Amino acid sequence: MTDALAAVASTTNADGTTAVTLGGSVRWGELPDKPSVDEKAARLISAEQASRLRAVPFAIENGRLHVAMVQPADAGAADEISVSGGLPVRRFKLEAGLLSDLLRSSYGATAAAMAERLRGDSAEDDLLSNMHAVDAQDIHRMAEEPTVINLVNLIILESVRSRASDVHVEPFDKQLSVKYRVDGLLKAQTSPPKALQAAITSRIKIMAGMDIAERYVPQDGHITLRFEGRKVDIRVSTVPTIYGESVVMRILDKQSIALDLASLGMSAAHRKEMDRLIDLPHGMVLVTGPTGSGKTTTLYAALSKLYDPSLKIITIEDPVEYELSGINQIPVNPDRGLTFATGLRAILRQDPDVVMVGEVRDAETAEIAVRAALTGHLIFSTLHTNDAASAISRLLDMHIEPFLLASVLEGILAQRLGRRLCPHCTRQAMIPEASQHRIAPAERNLFPGMLASIGAGCDKCDQTGFRGRIGFYELLTLSPEMRTAITAGKTSTPELLAVAPPGYLTMRGDGLLKASTGQTTVDEVLRATQDVGGM
């Protein structure tokens, strides 16, 4: 055994900290609570360093800089702080949640604070504000400036920590706007100086592996980073506008999403029926809804539940959003001739048991998918329709024979996403009168006295009253009567719903049930399902 591992002990100091001893020498202390912070100590390192290293200097004693760290064993981080602060470092371990609070209290909203400081220090420069006038070499030089690098890093780190699904950097005439989409809604952040527009945009493009000299055509790129020990993928898209390039960074943080149907908000009744569909040996199951309604996440949850080493499962997606263990995932690549249709043909030669097609976009893909389901494969896919019944008409419009569709289609799940109430500040309140008029008389029985839950707003939810998202679902499984109706050409929504199986519930009905149990608000349900029937 090495000397470093020869002895491990801990002792409690007079100040309440615990000293951890390795091999006979004190290496770091443990902080049971969040310490008070000496501003002079905190300012010895930058906000970007503190966020990146997950460390906050909180005191200077006897010529040593005391630093709270999530990983005090990280000697490289301690050395960087020692060099930046010009003092030897004494390390203290602090639990990750407490350190996040310490970061916020010590450095504030770091990206916003930095943007505000830069705004105050920077005079507007027409040359730098005009993308047409800046040479590519100058842009590259500006993008490599430490100030710009730190600001972009902080924007990304802060957005991940805020649970944002995407970051929008939008150029306007006299302003560069930065917004985070949190729980489905955009929230404006402090704007960086317009003078840094070219440098910020180019820095993001360099990180994403894009061509910074090309500013007049759309580009796509990809950033991979590690955040608090986990991998985060970011898809980057740029499009040219009249005031420069608009940048959107979509954050794909697998650890922030629970890939199981219960966590997504699916009711027990819907989960039971989905379990039956997932266990079928063959057939087609569709998930429908607009872009951003969570269709792919639902399919991933279904595949995760379905996974078994005895099954060959292959997906073809555009793009692959999350890597699923034990499942073969193929990214579409139209530039090289790999479309959904050609990929699906190749997949069927791999002898799969289950296939997920990211989206049925055209008649060719639809026909191959139907034929595959007919020949003994279980096919999952998505479709862009407003409700479940409309998916049948959409497939028939793609020239699928009615008798084939009636034979292979097993179920259609339509969904929307709404905001989930924060569990820490929920209270009862009267439903607004304008919303009461949009609730059907039969549905009003769910809300005695027209009272329902709302979020009052607290520190846990950033005063919004909401934290996270929840799905509103409509699951239509095909009864024998529905198959007969499809074969006979009776495919309008009223005709199909007239022969829907017992227990069928509309998307709005599912949402209002969840509002009645305090999971969301009535207004969220009405907002999210306003294009799906109802009032």
Side-chain angles (χ1 to χ4, degrees), residues 266 269-290 293 295 298-299 302 340-341 344-345 348 354-416 472-510 529 531-534:
M266 191 173 286
H270 280 156
R271 292 201 306 275
K272 181 179 179 181
E273 196 60 25
M274 278 297 292
D275 287 346
R276 184 187 70 80
L277 294 173
I278 289 169
D279 289 335
L280 291 172
H282 54 77
M284 176 182 278
V285 179
L286 297 174
V287 180
T288 76
S293 60
K295 301 185 297 297
T298 298
L299 284 180
F340 279 116
L344 185 52
R345 281 198 187 92
L348 296 178
V354 180
V355 177
M356 184 190 112
V357 182
E359 183 184 345
V360 174
R361 293 179 178 173
D362 51 51
E364 185 181 11
T365 306
E367 183 179 356
I368 300 169
V370 168
R371 297 283 179 185
L374 199 62
T375 55
H377 302 89
L378 181 58
I379 306 293
F380 292 94
S381 190
T382 70
L383 203 62
H384 285 278
T385 61
N386 282 340
D387 54 32
S390 299
I392 294 171
S393 299
R394 179 81 179 97
L395 288 171
L396 293 175
D397 288 342
M398 292 181 179
H399 307 297
I400 301 299
E401 292 290 346
F403 73 93
L404 286 179
L405 187 59
S407 300
V408 303
L409 191 58
E410 297 293 342
I412 308 165
L413 179 73
Q415 67 179 71
R416 296 290 187 279
F472 308 138
Y473 300 97
E474 172 189 0
L475 181 56
L476 185 62
T477 54
L478 270 71
S479 62
E481 294 80 9
M482 287 186 71
R483 296 186 194 278
T484 301
I486 293 170
T487 304
K490 298 177 180 179
T491 57
S492 69
T493 297
E495 289 173 321
L496 291 171
L497 295 185
V499 290
Y504 166 76
L505 185 64
T506 65
M507 208 181 306
R508 175 165 299 186
D510 180 57
T529 63
D531 60 338
V532 192

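In this text the structure is predicted, and so the values were computed from the model without any measurement.
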Which pair of heavy atoms, one from [X] and one from [Y], lies closest together, and at what distance?
{"X": "Tyr473", "Y": "Asp510", "answer": "N-OD2, 2.8 Å"}
{"X": "Met398", "Y": "Asp362", "answer": "SD-O, 3.8 Å"}
{"X": "Met266", "Y": "Met274", "answer": "SD-CG, 3.7 Å"}
{"X": "Thr298", "Y": "Gln415", "answer": "OG1-OE1, 2.8 Å"}
{"X": "Met507", "Y": "Ala414", "answer": "CE-CB, 3.6 Å"}
{"X": "Leu277", "Y": "Leu475", "answer": "CD1-CD1, 4.2 Å"}

Compile the donor-acceptor pairs under 3.5 Å between side chains in residues 479-488 and protein atoms, sequence neighbours left out, one pair per line.
unit_1, atom_1, unit_2, atom_2, d
Ser479, OG, Glu481, OE1, 3.3
Ser479, OG, Met482, N, 3.2
Ser479, OG, Val499, O, 3.0
Arg483, NH1, Ala406, O, 2.6
Arg483, NH1, Leu409, O, 2.8
Arg483, NH2, Leu409, O, 3.4
Arg483, NH2, Glu410, OE1, 3.1
Thr484, OG1, Pro480, O, 3.0
Thr487, OG1, Arg483, O, 2.9

Rounded to the nearest 0.5 Å, what separates atom [atom1] in [X] from atom [atom2] in [Y]?
{"X": "Arg345", "Y": "Ile368", "atom1": "CZ", "atom2": "CD1", "value": "3.5 Å"}
{"X": "Thr382", "Y": "Met356", "atom1": "OG1", "atom2": "CE", "value": "7.5 Å"}
{"X": "Thr385", "Y": "Arg394", "atom1": "OG1", "atom2": "CZ", "value": "9.0 Å"}
{"X": "Leu344", "Y": "Glu364", "atom1": "CG", "atom2": "CD", "value": "9.5 Å"}
{"X": "His282", "Y": "Thr375", "atom1": "NE2", "atom2": "OG1", "value": "10.0 Å"}
{"X": "Leu396", "Y": "Ile392", "atom1": "CG", "atom2": "CD1", "value": "7.5 Å"}

Check your understanding: Does any non-hydrogen side-chain atom of Leu497 lie less than 4.5 Å from one of Thr493?
Key ->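 When only atoms from C-beta onward are counted, Leu497 and Thr493 do touch, with a gap below 4.5 Å.
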Check your understanding: If we only count heavy atoms from C-beta on, is the Arg276 to Thr477 side-chain gap below 4.5 Å?
Key ->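 Yes; the side chains approach each other to less than 4.5 Å.
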Main chain of [Y], side chain of [X]: is a donor-acceptor contact present, judged purely on distance under 3.5 Å?
{"X": "Ser381", "Y": "Leu286", "value": "no"}
{"X": "Arg416", "Y": "Thr529", "value": "no"}
{"X": "Lys295", "Y": "Val287", "value": "no"}
{"X": "Ser393", "Y": "Thr491", "value": "yes"}

Review point. Would you find more than 12 non-hydrogen atoms of other residues, nucleotides or ligands less than 6.0 Å from Arg271 atom CZ?
Key: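 It does: Arg271 CZ has more than 12 such atoms within range.
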Practice item. Just grab all the side chain to side chain donor-acceptor pair (under 3.5 Å) pairs involving residues 399-408, residues at least two apart or on different chains. Key: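 Qualifying pairs: none.
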Review point. When Leu395 is tested against each of Leu383, Val370, Leu404 for side-chain contact (heavy atoms from CB on, under 4.5 Å), which residue passes?
Key: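 Testing Leu395 for a side-chain contact (heavy atoms from CB on, under 4.5 Å) against Leu383, Val370, Leu404 leaves exactly one candidate, Leu383.
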Point to revise | All salt bridge (charged side-chain N to carboxylate O under 4.0 Å, His left out) counterparts of Glu367, not counting sequence neighbours | key: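 Glu367: no salt bridge (charged side-chain N to carboxylate O under 4.0 Å, His left out) contacts found.
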